[in-house]
Novice: 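Take a look at this one; I'll ask things after.
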Amino acid sequence: MADLYDKINELYDQRRKAELGGGDERIQRQHEKGKLTARERIDLLLDKDTFVELNPFTEHRSTDFGLNEKVYPGDGVVTGYGKINGRPVYLFSQDFTVFGGALGEMHAKKIAQAMDLAAKNGAPFIGLNDSGGARIQEGVVSLDGYGHVFYRNAIYSGVIPQISVIMGPCAGGAVYSPAITDFVFMVDKTSQMFITGPKVIETVTGEKISTEDLGGAKVHNTISGNAHFRGESEEEVLSMVRRLLNYFPPNNLGSSKLEGETGDDWRPDLADIVPFDGVRPYDVRAVIEQVVDHASFMEVHREFAKNMVVGFGRIQGETVGLVCNQPKFLAGSLDINSSDKAARFIRFCDAFHIPIITFEDVTGFFPGIKQEHGGIIRHGAKILYAYSEATVPKITVILRKAYGGAYVAMNSKAIGADLVFAWPNAEIAVMGPQGAANIIFSREIARSGNPQKTRHEKIQEYREKFANPYIAAARGMVDDIIDPRETRMKLIQSLEMLRQKQEERPRKKHGNIPL
Ligand SMILES: CC(=O)SCCNC(=O)CCNC(=O)[C@H](O)C(C)(C)COP(=O)(O)OP(=O)(O)OC[C@H]1O[C@@H](n2cnc3c(N)ncnc32)[C@H](O)[C@@H]1OP(=O)(O)O
């Protein structure tokens with residue numbers, strides 16, 4: 001007669017069966033492609049021995065197309081919770097060895113259940129995606145399953161941080177879950193995202209393209225902007241996810257402060273980074289590195305819209321979001337992609353109480369027919385909207401140029417900056433002296449006996465009058481003009497003084513950001 005120990009042994013047998021997914025042969029195939037299994041990935045992502053699995057015995061209940069003979073406990077996805085750097089997270093990891101990780105009714109139900117638990121418990125949610133998309137044999141119920149996941153991605157947006165890691169194919173409707181989440185990671189060469197694959201594209205439009213060129217990690221990190229990070233291997237990507245999570249509070253009610261660097265906050269090197277000559281480029285990341293705690297800067301969207309640098313850093317242990325013009329590319333001007341990039345980042349910071357520091361050196365919005373016809377008006381408006389809407393501490397440091405509408409957009413006092421500092425070489429004006437002189441003194445220059453000399457004089461006149469920070473400071477648009485070397489010190493003081501900041505907005509259901 002069977003006793004309890006037989007039942008316990010049977011339980012372990014069942015667990016082992018669930019852990020085997022689609023079986024040894026398919027696991028081997030997964031490894032041959034240079035990919036890890038769903039469970040190996042979880043082991044790498046989480047702190048050692050912290051994973052607790054949920055619903056390992058879930059099965060699909062479909063019978064069409066022979067599915068009644070193909071039943072795998074767990075139904076192609078591993079879900080559960082564990083810890084990263086000692087803090088709880090919830091996750092799913094799709095098992096490509098079972099129906100190619102394809103999502104069916106019960107598979108989706110497991111994901112949705114884990115998401116609900118993450119939201120109720122205020123913990124970040126991470127999706128490890130490796131899937132052939134909707135499980136074709138299950139038909140419309142698998143589409144419905146996606147709907148349940150997308151809905152949760154949307155309603156929990158701004159409640160808990162959500163991260164997607166693409167570790168294989170992610171095609172068709174499947175891409176819309178990652179697209180709604182806050183940050184998307186991809187693995188070079190082994191991950192792809194697209195709505196319709198190369199074959200469909202060729203049939204419909206006649207265009208020929210490889211899977212990798214259509215939706216590989218490089219394409220989405222550099223061209224489309226759909227992904228924020230990429231790594232050479234799964235191991236590298238998972239360690240990047242662990243690092244990123246360190247910056248976040250667990251939810252929209254928490255805060256994220258670690259032990260930070262204190263001590264010598266006078267940074268002499270800051271005086272030498274930004275060239276005095278306004279047209280000479282430099283790398284704004286050198287300024288960031290000097291201001292934040294040592295080696296604490298983690299850039300987001302590093303390869304996309306390089307004229308804007310955004311990312312997380314720490315100042316005395318407190319997480320800050322950095323939004324910075326990058327004079328090394330397009331003279332740091334704002335264009336469609338950099339506006340989208342900055343606006344989305346600002347909104348993430350605001351949703352999770354992360355103070356925003358803006359380093360400004362901007363010549364204006366990037367001119368051109370492509371930009372105008374591409375909707376720079378609507379896209380540029382997103383930055384204005386996102387900064388205005390944000391109620392977290394917002395501090396701007398004008399490093400050099402702050403021209404035109406871009407000056408207003410880059411967290412100016414008028415759109416809600418709490419504190420604006422300018423370095424003594426800052427130029428805050430409607431436009432650069434050259435352009436300004438050519439417009440307002442065009443007649444004098446044309447009538448002059450020596451137009452070149454007159455133009456030069458007029459440019460100098462405009463520069464002396466407006467290309468400095470003192471007029472803006474006199475009108476209260478700049479709170480103080482500071483020695484560049486004391487920038488970190490000023491930011492530490494400012495963050496401390498703004499820590500209890502409370503700012504109310506008019507009551508409304510929600511605003512309508514120009515999308
Ligand atoms: C709303 C939507 O999501 S629409 C999109 C629907 N999905 C698709 O059109 C993609 C269909 N799948 C594919 O194109 C390919 O399987 C790829 C590109 C994902 C992967 O290709 P490969 O790495 O060569 O793997 P392969 O094709 O052998 O698939 C592995 C297994 O997953 C199964 N599979 C893959 N995708 C699906 C799917 N969508 N539904 C059910 N089973 C699937 C395959 O039948 C195969 O099963 P097997 O191990 O029993 O033979």
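Atom set for the values below is all heavy atoms of this structure, side chains included, hydrogens, waters and symmetry mates excluded. Computed from a prediction, not measured in an experiment: that's the story for all the values here. Both ligands and their constituent atoms are indexed starting at 1 by order of listing.
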Novice: What about Lys33: any of its N or O atoms under 3.5 Å from an N or O on ligand 1?
Specialist: yes

Novice: Using heavy-atom distances, let me know which of Phe99, Phe65, Phe96 sits nearest atom 42 (N) of ligand 1.
Specialist: Phe99

Novice: Quick check with a 6.0 Å cut-off and a 45 degree axis cone: is Lys70 positioned over the face of Phe99's six-membered ring?
Specialist: no

Novice: Check whether any protein heavy atom sits under 4.0 Å from atom 34 (N) of ligand 1.
Specialist: yes

Novice: Answer yes or no: is there an ion pair linking Glu303 with Arg230, defined by an N-O contact shorter than 4.0 Å?
Specialist: yes

Novice: Got a protein heavy atom sitting under 4.0 Å from atom 25 (O) of ligand 1?
Specialist: yes

Novice: Relative to the heavy atoms of Gly173, which atoms of ligand 1 are at a distance of less than 4.0 Å?
Specialist: 1 (C), 2 (C), 3 (O)

Novice: For atom 9 (O) of ligand 1, decide whether some protein heavy-atom distance is shorter than 4.0 Å.
Specialist: no

Novice: Can you tell which part of Lys70 has a heavy atom less than 4.0 Å from ligand 1: side chain, backbone, both or neither?
Specialist: neither

Novice: Do any N/O atoms on Gly100 end up under 3.5 angstrom from N/O atoms on ligand 1?
Specialist: yes

Novice: Charged N to carboxylate O below 4.0 Å: is that the case for Arg29 and Glu25?
Specialist: yes

Novice: Check Phe365 against Ala406 and note the closest heavy-atom contact, atom names and distance.
Specialist: CE1-N, 3.7 Å

Novice: Above 12 or not: heavy atoms from other molecules or residues under 6.0 Å from OH of Tyr156?
Specialist: yes

Novice: Quick test of your reading of the model: are Lys218 and Asp188 salt-bridged, counting only N-O distances below 4.0 Å?
Specialist: no

Novice: If you measure from the Lys or Arg side-chain nitrogens to the Asp or Glu carboxylate oxygens, is any gap between Arg61 and Glu59 under 4.0 Å?
Specialist: no

Novice: Does the distance from a Lys or Arg side-chain N to an Asp or Glu carboxylate O, for Asp47 and Lys83, drop under 4.0 Å?
Specialist: no

Novice: As a test of the contact definition, would atom 44 (C) of ligand 1 count as having a protein heavy-atom neighbour under 4.0 Å?
Specialist: no

Novice: Would one find an N or O of Tyr146, backbone or side chain, under 3.5 Å from an N or O of ligand 1?
Specialist: no

Novice: Identify which of Gln30, Gln137, Lys35 has a heavy atom lying nearest to atom 41 (C) of ligand 1.
Specialist: Gln137

Novice: Within 4.0 Å of atom 13 (C) of ligand 1 (strictly less), any protein heavy atom?
Specialist: no

Novice: Please determine if Lys394 and Asp350 form a salt bridge, counting it only when a charged side-chain N lies under 4.0 Å from a carboxylate O.
Specialist: no

Novice: If you count every heavy atom of other residues, nucleotides or ligands that lies below 6.0 Å from Ile377 atom CD1, does the total exceed 12?
Specialist: no

Novice: With atom 40 (N) of ligand 1 as the reference point, say which of Ile136, Asp130, Val200, Val175 has the nearest heavy atom.
Specialist: Ile136

Novice: Heavy-atom pairs closer than 4.0 Å: do any link ligand 1 to the side chain of Ala134, the backbone, both, or neither?
Specialist: both

Novice: Mark up the atoms of ligand 1 that fall under 4.0 Å of a heavy atom belonging to Arg135, in ascending order.
Specialist: 40 (N), 41 (C)

Novice: Does the protein place a non-hydrogen atom closer than 4.0 angstrom to atom 16 (O) of ligand 1?
Specialist: no

Novice: Taking NZ in Lys33 as the centre, count heavy atoms belonging to other residues, nucleotides or ligands within less than 6.0 Å. Is the count above 12?
Specialist: yes

Novice: State whether Arg302 and Glu299 are salt-bridged, where the test is any N-O pair (Lys NZ or Arg NE/NH1/NH2 against Asp/Glu carboxylate O) under 4.0 Å.
Specialist: no

Novice: Should you measure from each heavy atom of Ala171, which atoms of ligand 1 turn up under 4.0 Å away?
Specialist: 3 (O)

Novice: Taking only heavy atoms of Arg26 into account, list the atoms of ligand 1 that are under 4.0 Å away from them.
Specialist: 48 (P), 49 (O), 50 (O)

Novice: Salt bridge check, Glu389 against Arg347: does any charged N sit closer than 4.0 Å to a carboxylate O?
Specialist: yes

Novice: Evaluate the 4.0 Å heavy atom contact test for atom 50 (O) of ligand 1: does a protein atom fall under the cut-off?
Specialist: yes

Novice: Out of all atoms in ligand 1, which are within 4.0 Å of some heavy atom of Gly133? Include the element for each.
Specialist: 3 (O)

Novice: At under 4.0 Å between heavy atoms, is it the side chain or the backbone of Leu103 that contacts ligand 1, or both, or neither?
Specialist: neither

Novice: Check this for me, if you would: do Arg152 and Asp116 make a salt bridge, where the nitrogen-to-carboxylate-oxygen distance has to be below 4.0 angstrom?
Specialist: yes

Novice: Select the closest option to atom 4 (S) of ligand 1 among Gly168, Gly172, Ala174, judged by heavy-atom distance.
Specialist: Gly172

Novice: Show me which atoms of ligand 1 lie under 4.0 Å from any heavy atom of Leu143.
Specialist: 1 (C)

Novice: Looking at non-hydrogen atoms alone, which of Ser142, Gly101, Ala102 comes nearest to atom 37 (C) of ligand 1?
Specialist: Ala102

